[in-house]
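A short write-up of the structure that comes next.
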Protein chains: 2
Amino acid sequence: MPEGLQDGPNIALIASLVGDPARANMLTALMTGAALTASELALEAGVTLPTASSHLAKLMDGGLLSVASEGRHRYYALSGPQVAAMLEAIMGVAASVGPKRVRPGPREATMREARVCYDHLAGEHAVKMMDGFVERGVIVRDGRTVTLGPLGASYFAMRGIDTANLGTSRRPVCRDCLDWSVRRSHLAGALGAAILDRILAEKWARREKDSRVVAFSPKGRTAFERTFLA
Amino acid sequence: MPEGLQDGPNIALIASLVGDPARANMLTALMTGAALTASELALEAGVTLPTASSHLAKLMDGGLLSVASEGRHRYYALSGPQVAAMLEAIMGVAASVGPKRVRPGPREATMREARVCYDHLAGEHAVKMMDGFVERGVIVRDGRTVTLGPLGASYFAMRGIDTANLGTSRRPVCRDCLDWSVRRSHLAGALGAAILDRILAEKWARREKDSRVVAFSPKGRTAFERTFLA
DNA sequence: GGCATAGTTTGATCTCCATCGAAGCGTGAT
DNA sequence: ATCACGCTTCGATGGAGATCAAACTATGCC
């Protein structure tokens, strides 16, 4: 069947790369434009590190991703805007074709509410919190880059988080992370991680074993809201 | 491990449909906008009829195709312009990362110059035309959304295209579609289709049989340029 | 009716690849 | 040095799906 057809280039190869659920999740996670590490992407895709590594190699080989080694981390990103445009187009078709909403399910519901995204909080609570930060000028958003606002340092200091200390690592203090359950974004970066630490340390919520779910207790939730949503 | 985490639309499902070589060949064959029978598509894909039938059922189920029974034939077609746009976008990525296509080839050259993209014109001519429209304010671009500019209606009316009539369908009048041969975009939507209709009606160009190629005649080309590029 | 053509369905086969555990290899910290 | 951590490679397993032949259905033709 050597059939010399193939109008344009190898469309099937590219599409099949996106056609695997794990890889599709990784790619959508990278749609923020931010670069993510292999571990973060593994978590986002719901697979183990070796599996993720294999997928990343394939995506690299297919030219969809670029990588930057930094210390012992490897930051993966979409190789260019063309790839992002393609993903948008596919999303467009997928959205128009089928509401296809899989039943939310009980597990999904709690996941939507609050879950861990690598090392920070994601889900509705996280999105609300992020919105509040921006509205109050604690955090300033410029497109997809977010930074600590003028009121930020004192705001977090009052809540027991020393933002100055977070700047030590190479990691950005603030980063924006797209939420799959809501169409909005939440706070990642060192600050996002610190906030989650605080939530767990205060025992406002606990992590379910072997799951990304973060389960708030009733009074934990109100404490959290009083602290970070007001 | 149940990590079902769809980002909303099921992008992996759609992409995996395109990700099979046989299906990809069928879809690209349908990019001409014409409807083809199952047998023709089987031939185009290089598989037997049963296999093709199975693929067509999957594509139907995924919402990428529509079908019309006529006598003992079943005519399959792309379910809409959105699907065509997605395919073009995938082609764009595949072309840009293309591991050195064997050679441009004569067929490929004419495709780059002018071809059909579902129901509108694509290729260098189409991109130049789109650029001219935007530059002259006939069409206004805002990011990826394009709309008819203030001068648009009279511009097209003078050229025999009634833009008011185009608004009747649910389809957008203007739409932006990525070109895989050039890295720019061209005009799709009802208006894009109307322009192609005009080009063919005036016999400035004719469509090659069983191909996406649009072949301009020498004087047809100058007439086209005088009309839509000036 | 009877035959031919267009398509689908069924069932069985076979290949490919996603997945994970374990081991290997860097880099950074102590 | 030594340990910890991030990531990749290796090897084995399992499952999904692409494929075709043959049987079946439906339509058109005579």
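FYI, side chains are in, hydrogens and waters are out, and symmetry mates aren't considered; it's all heavy atoms of this structure. Chain naming here is simple, since letters A, B, ... match the order of the sequence lines and numbering starts at 1 in each.
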Taking the side chain of B/Ser53 as its heavy atoms from C-beta onward, which of D/dT27, C/dT9, D/dT19 lies nearest to it? C/dT9
Does OP1 or OP2 of D/dA18 have a side-chain N or O of B/Thr51 closer than 4.0 Å? no
Closer than 4.0 Å, any side-chain N/O of B/Lys58 to the OP1 or OP2 of D/dG17? no
Separation of atom CE in B/Met60 from atom C1' in C/dT8, rounded to whole Å: 13 Å
Side-chain atoms of B/Ala38 come closest, of C/dA18, D/dT19, C/dT8, to C/dT8
Which is true for B/Tyr76 with a 4.0 Å heavy-atom rule: it touches a base, it touches only sugar-phosphate, or it touches nothing? sugar-phosphate
Below 4.5 Å, heavy atoms only, C-beta onward: do B/Leu30 and B/Leu41 meet side chain to side chain? yes
Shortest side-chain distance from A/Arg72, nucleotide among D/dG6, C/dA6, D/dT19: D/dG6
Does the side chain of B/Met60 reach to within under 4.5 Å of the side chain of B/Tyr76, using non-hydrogen atoms? yes
Length of the line joining A/Leu41:CG and C/dA18:P, which is rounded to integer Å: 16 Å
Charged N-O contact under 4.0 Å between A/Glu202 and A/Arg198: yes
Strictly below 4.0 Å: does A/Arg74 bring a side-chain N or O up to OP1 or OP2 of C/dT27? no
D/dA18, OP1 or OP2 - any side-chain N/O from B/Arg23 closer than 4.0 Å? yes
Between A/Ser54 and C/dA18, does any side-chain N or O lie under 4.0 Å from OP1 or OP2? no
Could you state the CG-C1' distance from A/Leu49 to C/dT19, rounded to the nearest angstrom? 13 Å
Regarding A/Ala57, tell me which of base, sugar-phosphate or nothing describes its non-hydrogen contacts under 4.0 Å with the strands shown. nothing
I need the A/Glu44 CD to A/Asn25 CG distance, nearest 0.5 Å. 7.5 Å
Is the phosphate of D/dC5 approached by A/His73 (side-chain N or O, under 4.0 Å from OP1 or OP2)? no
Give the ring-plane orientation class for A/Phe133 versus A/Phe228, where under 30° counts as parallel, over 60° as perpendicular and anything between as tilted. perpendicular
What is the distance, rounded to the nearest whole Å, between atom CE of A/Met26 and atom P of C/dA18? 11 Å
Quick check for you: among C/dG21, C/dT27, D/dT19, whose closest atom lies nearest to any side-chain atom of A/Pro50? C/dG21
